[in-house]
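Numbers here are sequence positions counted from 1. FYI, side chains are in, hydrogens and waters are out, and symmetry mates aren't considered; it's all heavy atoms of this structure. We count ligands from 1, going down the list as the structure has it; atoms in each ligand are counted the same way.
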Amino acid sequence: MRRKLVAANWKMNGSRAANAAWLTEFRAQRSPCETVVCAPFVYLPQLAEALAGSETAVGAQDVSEREPGAFTGDVAAEMLLDVGCRWVIIGHSERRALHGESDELVAAKTARAHAAGLRPIVCVGETLAERDGGHTLQVVARQVAAVLARCGVAALEAGAIAYEPVWAIGTGRTATPAQAQQVHAAIRAQIARVDAAAAARTRILYGGSVKPANAAELFAQPDIDGGLIGGASLIARDFLTICAAAR
Ligand code: 13P
């Protein structure tokens, strides 16, 4: 049985004061499922300190594919671990679209993160044009295949995959539970062709306009093992409600 996992992706939001208020509200209740909070690099030490000893882990939103060295502006996996970060989002569609991250770069970052001991949350998902063109499963399979080819199943089993249809991110337009389930099942079947036991243990999260009102029906799908939450995670109460739906 896979334990549900719900991760907050704050994206480029937060301030020391706002984070402190969020943490106070969040820690007042016990999260009913496994949780991760992914924040901008500069706030990771603040979160790690505040959440130390709790069941909630801290995650970054990107990591370098390289080992420490002369790479101005980059952050190595070792540095994330050093400040108490245990997870990292890799290949978010905003990074693929705005920073030109290729399937190969996403795979390289996943390999590096996993080798260093971080748990990767690898994001995949199709654009609206790709969905309308009938290419959803093909696009997602290509993105997953790049990671499997480079890292095998171990990195995904240690971390998670997040299916985030680009057209559902920040748009208020959620994939229906049936639409999401179809893609999640296809991803699991693809992993199962490499290692069936590992596929059964790998968590596949859904992301894209998850809200307190729609979380429960998404998480009730057999292959949806939790969520990656953007906008709704900025409000601690809403994030806790979503976590409760994953119980
Ligand atoms: P929203 O929940 O704001 O749609 O964002 C989803 C997402 O991109 C999480 O990584």
* **Residues, nucleotides or ligands: over 12 heavy atoms within 6.0 Å of R142 CZ** => yes
* Asked: Atoms of ligand 1 less than 4.0 Å from E164 heavy atoms?
  -> 6 (C), 7 (C), 8 (O), 9 (C), 10 (O)
* Structure fact -> protein heavy-atom neighbour closest to atom 2 (O) of ligand 1 works out as G230 N, 3.0 Å
* Structure fact -> Per side-chain contact (heavy atoms from CB on, under 4.5 Å), Y206 is matched among L228, I224, I229, D223 by I224
* To do: Output yes when the distance from some N or O of ligand 1 to some N or O of N9 is under 3.5 Å, and no in every other case.
  => yes
* Structure fact -> Near H92 (heavy-atom distance under 4.0 Å), the atoms of ligand 1 are 7 (C), 8 (O), 9 (C), 10 (O)
* To do: Answer yes if the side chains of T56 and S31 hold a donor-acceptor pair under 3.5 Å, and no otherwise.
  => no
* R2 atom CZ, over 12 foreign heavy atoms within 6.0 Å -> yes
* Could you verify whether a donor N or O on one side chain and an acceptor N or O on the other, from Q143 and D103, lie under 3.5 Å apart? => no
* **Identified side-chain contact (heavy atoms from CB on, under 4.5 Å) partner of V124 from the options V139, V147, V144** => V144
* Distance to 0.1 Å, residue and atom name: give those for the protein heavy atom nearest to atom 3 (O) of ligand 1. => G231 N, 2.8 Å
* Ligand-side contact atoms (ligand 1) for residue partner A168, heavy atom cut-off under 4.0 Å -> 4 (O)
* Rounded distance (nearest 0.5 Å) linking atom CD1 of I242 with atom CG of L218 -> 10.0 Å
* **Minimum-distance protein heavy atom relative to atom 5 (O) of ligand 1** => K11 NZ, 3.2 Å
* Structure fact -> Near L228 (heavy-atom distance under 4.0 Å), the atoms of ligand 1 are 9 (C), 10 (O)
* Asked: Should we count CD of E49 as having more than 12 external heavy atoms under 6.0 Å?
  -> no
* So, does K211 sit close enough to ligand 1 that a heavy atom of it is under 4.0 Å from the ligand? -> no
* Determine, using heavy atoms of C123 and all atoms of ligand 1, whether some pair is separated by less than 4.0 Å. => no
* Asked: Between T171 and ligand 1, is there a nitrogen or oxygen pair with a distance under 3.5 Å?
  -> no
* To do: Please verify whether a non-hydrogen atom of G170 lies at under 4.0 Å from ligand 1.
  => yes
* To do: Would you please classify the geometry between the W22 ring and the F239 ring as parallel, tilted or perpendicular, with 30° and 60° separating the classes?
  => tilted
* **Proximal atoms of ligand 1 relative to G208 (non-hydrogen, under 4.0 Å)** => 4 (O), 6 (C)
